[in-house]
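Hydrogens, waters and symmetry mates are skipped; everything else that's a heavy atom, side chains included, is used. Predicted, not measured: the structure shown is a model, and the values here were computed from it.
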Amino acid sequence: MCGIVGVVGSRNSVDILMQGLEKLEYRGYDSAGIFVTGGKGSSKLVKSVGRIADLREKIGIDVSGTAGIGHTRWATHGKPTEDNAHPHTSTSGRFVLVHNGVIENFVEIREEYLLNDVFKGQTDTEIAVHLIAKFAEEEGLNVLEAFKKALSIIKGSYAFALMDAQDADTIYVAKNKSPLLIGLGDGYNMVCSDAMAMIRETSEFMEIHDKELVVLTKDSVTVTDYAGNLIERASYTAELDLSDIGKGTYPFYMLKEIDEQPAVMRKLIATYASADGKMNVADDIVRAVQAADRIYIIAAGTSYNAGYGSKQMLEALCDTPVELGVSSEWGYGMPLLSKNPFFIFLSQSGETADSRQVLVKVNELGLPSLTVTNVPGSTLSREATYTMLIGAGPEIAVASTKAYTGQIATLAFLAKAVGEANGKKEAFEFDLVKELSLVAQSIEATLSEKEKIAAIVKENLLTTRNAFYIGRKQDYFVAMEASLKLKEISYVQCEGFAAGELKHGTISLIEKGTPVLALISNNPEVAAHTRGNVMETVARGASAIVIVEHGAEREGDDIVVNAVHPYLSAISMVIPTQLLAYETSMQRGLDVDKPRNLAKAVTVE
């Protein structure tokens, strides 16, 4: 679920809501809706599947009010339909709710509290608004108390904006692990999941932290914790420099591009999956991979790490061995190839000179090749046999983030398409659209942990000269990318190691206070072994930081990431490491977007 907007106290509420939804279009969505009210008896709810333009066409001149909420949705629970689109209403229509996130216990809530309720759709959000209505209408609680009681029961990630159709003067807001901001206007106030949605109306915003509740009126903003304790918080000004307009409200492109990754996942779903669940991967590409007896992934830097992050998935679904090659090495020494090789070139820019050198040799040998890139019409795209585009939008920061995760996600569509073409049962059982949607939700949950991650940096990475990432299996591949990100923009000497290799020499580098960042995904086969390796480093004075996937966490772990399908964990597990690198560079006062000695597109060998 993607974008929230809301406004109270403005006669132009419909215009503000629609302009805000249009600003959120970049996030990716499949349906949208608005609810507006001028008070009792004058409420309107309009929803539509498709583009914001489709919603706008359905809004007549009778749709008006001084307050309202709107939403752009990406389907997770339930298909893209008007019934499943937000806003959702209670049975009586009195309560209206929009929601970003995932309610983990919605089934239990329905069975325990709402067995006799009739639901229009299949979303977890509809369960939530019915629960609020139950407490208000059956137990006589006022709106705020009913909302608080529901929040005490609901588990998961959420950003809520709630309205009572009988009250045009108030919006109730709460959040947990999903972004949400308050926009402060002149005689009216707003709520939005992205400052860009309301930047036309105001440059003054107020942050909302997890487990906080906000009561919003046209001339007041009251923030409390769930126990009712009042919280005072100053607003901040989102200053836009026209010369940096591409960054929007962000201080650096890298942070903007990190935040764009959920939208990249959703855009890839829209590009490579059809409405009936079939993969939109060209048949000739699929046939070429089917004919191969070995897949060679050629890349450099971050793209090379993305290749490793995709290796397990490609081998399992395509039933074909995958070999990785560093392009700068292969350009000068092509190894002995299999009889029917297929080459995949990974490149953000599509202009990487070392990779092109290998492609030239591949073309001379008459071998099939595929370029996966973010830049259409680039050299590698033009000269390879086939191309699959990431479509992540311009990546300006030198340190690649959304291109890395986009490459892995793009290769997931290729792997599933080939597996299904081969009749492989596992490929048909791998619901990539659902799983990648959950990855997007996981990324959003991690992005809400920025303050926590900044504190970890301040305590552990701000002054260190050296650091190490460790992990096993897929986590080792993520460690490679994580270490690259940290050293290229913060200049910390950082390496990624296979955790089991520590005792074979690397542990000699551990000194008192050396940061060791351990990656532990929910893989029982190796998780305990990695924890043992962490203890080995702690015994030698290391400062351990544990990044763990939900289901494998223990008390005292530093960062917990939402669990996703093992094939895609290289995407979700890398997000906190991107933020750690960003914060380390920023807190050290460095130029995050333009690290020394590095260029975005490496066009020389």
Side-chain angles (χ1 to χ4, degrees), residues 3-26 32-40 42-44 46 52 55-56 59 61-72 87 96 98 100 143-144 159-175 179-209 212-224 230-242 244-245 247-251:
I4 287 174
V5 294
V7 61
V8 57
S10 173
R11 295 192 177 279
N12 294 320
S13 64
V14 173
D15 179 59
I16 291 173
L17 293 175
M18 292 303 295
Q19 290 283 344
L21 292 179
E22 288 171 351
K23 290 291 186 182
L24 295 176
E25 283 188 295
Y26 76 93
I34 64 169
F35 168 82
V36 291
T37 182
K40 190 173 182 179
S42 62
S43 301
K44 295 290 183 180
V46 185
I52 301 299
L55 176 64
R56 190 178 284 280
I59 296 174
I61 58 174
D62 61 329
V63 179
S64 63
T66 56
I69 50 179
H71 190 270
T72 55
V96 188
V98 291
N100 290 347
V143 180
L144 183 59
F160 289 131
L162 170 71
M163 291 195 70
D164 179 351
Q166 299 174 2
D167 177 11
D169 299 320
T170 314
I171 298 177
Y172 302 87
V173 175
K175 79 173 285 289
L180 210 56
L181 295 171
I182 299 299
L184 306 177
D186 184 12
Y188 59 97
N189 288 310
M190 295 152 285
V191 60
C192 55
S193 51
D194 186 325
M196 287 300 292
M198 293 298 174
I199 202 67
R200 188 193 72 164
E201 300 299 320
T202 183
S203 60
E204 289 296 309
F205 292 89
M206 181 186 295
E207 294 180 344
I208 312 172
H209 297 175
E212 289 183 351
L213 195 153
V214 182
V215 179
L216 201 66
T217 70
K218 66 178 181 179
D219 33 40
S220 69
V221 178
T222 304
V223 184
T224 66
L230 191 65
I231 297 170
E232 297 290 340
R233 182 169 298 127
S235 63
Y236 69 94
T237 301
E239 297 181 357
L240 290 177
D241 184 338
L242 289 178
D244 290 331
I245 193 66
K247 291 193 298 236
T249 59
Y250 289 90

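Under the 4.5 Å side-chain criterion, counting only non-hydrogen atoms from C-beta, Ile59 is in contact with Ile34. For the pair Phe205 and Ile199, the minimum side-chain heavy-atom distance is below 4.5 Å.
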request  = Start with the C-alpha distance between Leu230 and Thr222, add both sets of side-chain angles, then the distance that settles side-chain contact (heavy atoms from CB on, under 4.5 Å), and finish with yes or no.
outcome  = CA-CA 8 Å; Leu230 191 65; Thr222 304; 3.7 Å; yes
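With values rounded to the nearest 0.5 angstrom, Asp167 atom CG is found 10.0 Å from Ser43 atom OG. The line from CD1 of Ile231 to CG of Leu213 is 9.5 Å long, rounded to the nearest 0.5 Å. Note that CD of Glu22 and CZ of Arg56 are 4.5 Å apart. Values are rounded to the nearest 0.5 Å. Going from atom CD of Glu204 over to atom OG1 of Thr237 covers 3.0 Å, rounded to the nearest 0.5 Å. The CG atom of Leu55 sits 4.0 Å away from atom CE of Met18, with the distance rounded to the nearest 0.5 Å. Taking CG of Asn12 as the start and OG1 of Thr66 as the end, the distance is 11.0 Å to the nearest 0.5 Å.
No more than 12 heavy atoms of other residues, nucleotides or ligands sit less than 6.0 Å from atom CZ of Arg11.
Here the options are Asp169, Thr170, Ile171, the test is side chain to side chain contact (heavy atoms under 4.5 Å, CB included), and the partner is Leu216; only Ile171 passes.
Across all non-hydrogen atoms, the minimal contact from Met206 to Val221 is SD-CG1, 4.0 Å. In terms of heavy-atom proximity, Ser10 sits nearest to Ile16 at OG-CD1, 3.5 Å. In plain terms, the two heavy atoms of Phe35 and Leu17 that are nearest each other are O-CD1, 4.1 Å. The shortest non-hydrogen separation linking Val98 to Gly70 is CG1-O, 4.1 Å. When all heavy atoms of Val96 and Pro87 are compared, the pair lying nearest together is CG1-CB, 3.5 Å. Of all the heavy atoms in Asn100 and Ser193, the pair that sits closest is ND2-CB, 3.8 Å.
Between the Thr72 side chain and the Gly3 main chain, a donor and an acceptor come within less than 3.5 Å of each other.
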Review item, side-chain donor-acceptor pairs of residues 180-192, under 3.5 Å, at least two apart:
unit_1, atom_1, unit_2, atom_2, d
Tyr188, OH, Glu201, OE1, 2.6
Asn189, OD1, Gly185, N, 3.4
Asn189, ND2, Thr217, O, 2.9
Asn189, ND2, Lys218, O, 3.2

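Electrostatic pairing of Arg233 and Glu212 counts as a salt bridge here, judged by a charged N lying under 4.0 Å from a carboxylate O.
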